[in-house]
Amino acid sequence: MNVIFFGPPAAGKGTQAKIIQDKYGLQQLSTGDMLRAEIEAGTDLGKKAKKIMDSGALVSDEIVIDMIAARIDSPECAGGVIFDGFPRTVAQAEALDKMLAARGKKIDIVMELDVDQGKIIERVEKRAAEEGRSDDNIGALKTRLQQYNDYSAKVLPYYEAQGAVPKIDGNQSIEAVTSQIEAILTGKDSAPSAVSGGA
Ligand code: AMP
């Protein structure tokens, strides 16, 4: 099963992906985490990406598509993937569909984690204190939220055209959000694909 967690910054996509991947034998692929690993390792790509990420803008489609392509055939992805923070543009969504179709696979479900703006600001402030992410500040967050509004208006309709995109209330506790996701995933196991594109 291949799943996309879609949602604004600090919606809880990463937290939920980590819980769900362990329970369902899926592999979380977070382009944000991969980029932060490149920065940590001091690679040229990391250096290039850091400036963009710190401003809250999106890195190029080519960079993130190449990072996903490099991971998709790894053994840990064989049981399915939770895409977290990818795709963020229609070009990325199309590239992902192509990549999966070439392997006889497809996106089985796209979920949107919906969180109120006040809650997002609260969570970003908490994460800034706990993790010290350099893009968790009000200036960059403003840009990231603006970016989200812009790209969700394009990427969500791309997937809605292929099938239902269930909305999760991401304002609730971690456990309550996990329950909502699991209800969709387990319902999904016995139901035909909501998203039929790709294969
Ligand atoms: P995230 O950890 O998902 O919030 O991503 C942090 C930052 O990494 C974003 O603000 C972007 O600068 C960059 N990034 C992560 N994923 C993507 C993507 N799919 N497309 C473009 N930029 C991305």
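Every number for a ligand or one of its atoms is a count from 1 in the order of the listing. Bear in mind the structure is a predicted one, so any value in this text is a computation, not a measurement.
Close approach to Gln92 involves these atoms of ligand 1, each under 4.0 Å from a residue heavy atom: 18 (C), 19 (N), 20 (N), 21 (C). For ligand 1, the atoms closer than 4.0 angstrom to any heavy atom of Leu35 are 8 (O), 13 (C), 14 (N), 15 (C). The ligand atoms of ligand 1 that sit less than 4.0 angstrom from a heavy atom of Asp135 are 6 (C).
Scanning both residues, Leu145 and Pro8, for their nearest heavy atoms gives CD2-CB, 4.4 Å. Considering every non-hydrogen atom in both Val124 and Leu141, the closest pair reads CG2-CD1, 3.8 Å. The two atoms that bring Ile4 and Leu96 nearest to each other are CD1-CD2, 4.2 Å, heavy atoms only.
For the pair Pro87 and ligand 1, the shortest N or O to N or O distance does not fall below 3.5 Å. Considering both main-chain and side-chain atoms, Thr31 comes within under 3.5 Å of ligand 1 through a nitrogen or oxygen pair. For Phe86, no nitrogen or oxygen atom sits less than 3.5 Å from a nitrogen or oxygen atom of ligand 1, counting backbone and side chain alike.
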Tyr158 vs Tyr151, test: ring pair (Phe, Tyr, Trp, His ring centres under 6.0 Å). Steps then yes/no. CA-CA 11 Å; Tyr158 175 88; Tyr151 70 70; over 10 Å; no
Salt bridge (charged side-chain N to carboxylate O under 4.0 Å, His left out) between Asp136 and Arg144, worked out: CA-CA 10 Å; Asp136 278 343; Arg144 288 159 70 202; 3.1 Å; yes
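Ranked by closest heavy atom to atom 6 (C) of ligand 1, the top entry among Met34, Lys50, Arg36 is Arg36. In the candidate list Lys13, Arg88, Met67, Arg88 is nearest to atom 15 (C) of ligand 1, counting heavy atoms.
Among protein heavy atoms, the minimum distance from atom 12 (O) of ligand 1 is reached at Ala57 O, 2.6 Å. If you check which protein heavy atom lies closest to atom 4 (O) of ligand 1, you get Arg133 NH2, 3.3 Å. Here the heavy atom of the protein found nearest to atom 22 (N) of ligand 1 is Val59 N, 3.1 Å. The protein heavy atom nearest to atom 8 (O) of ligand 1 is Met53 CE, 3.4 Å.
Contact annotation for Val64 and ligand 1: only side-chain heavy atoms (C-beta onward) come within less than 4.0 Å of the ligand.
In this structure, Glu76 pairs ionically with Arg71, as a charged nitrogen and a carboxylate oxygen lie closer than 4.0 Å.
Counted by atom type alone, Glu62 and Ser60 present zero donor-acceptor pairs between their side chains at under 3.5 Å.
For Asn2 (side chain) and Asp108 (main-chain N/O), no donor-acceptor pair under 3.5 Å exists by modelled atom type. A donor-acceptor pair under 3.5 Å is formed between the side chain of Asn137 and the backbone N or O of Gly139.
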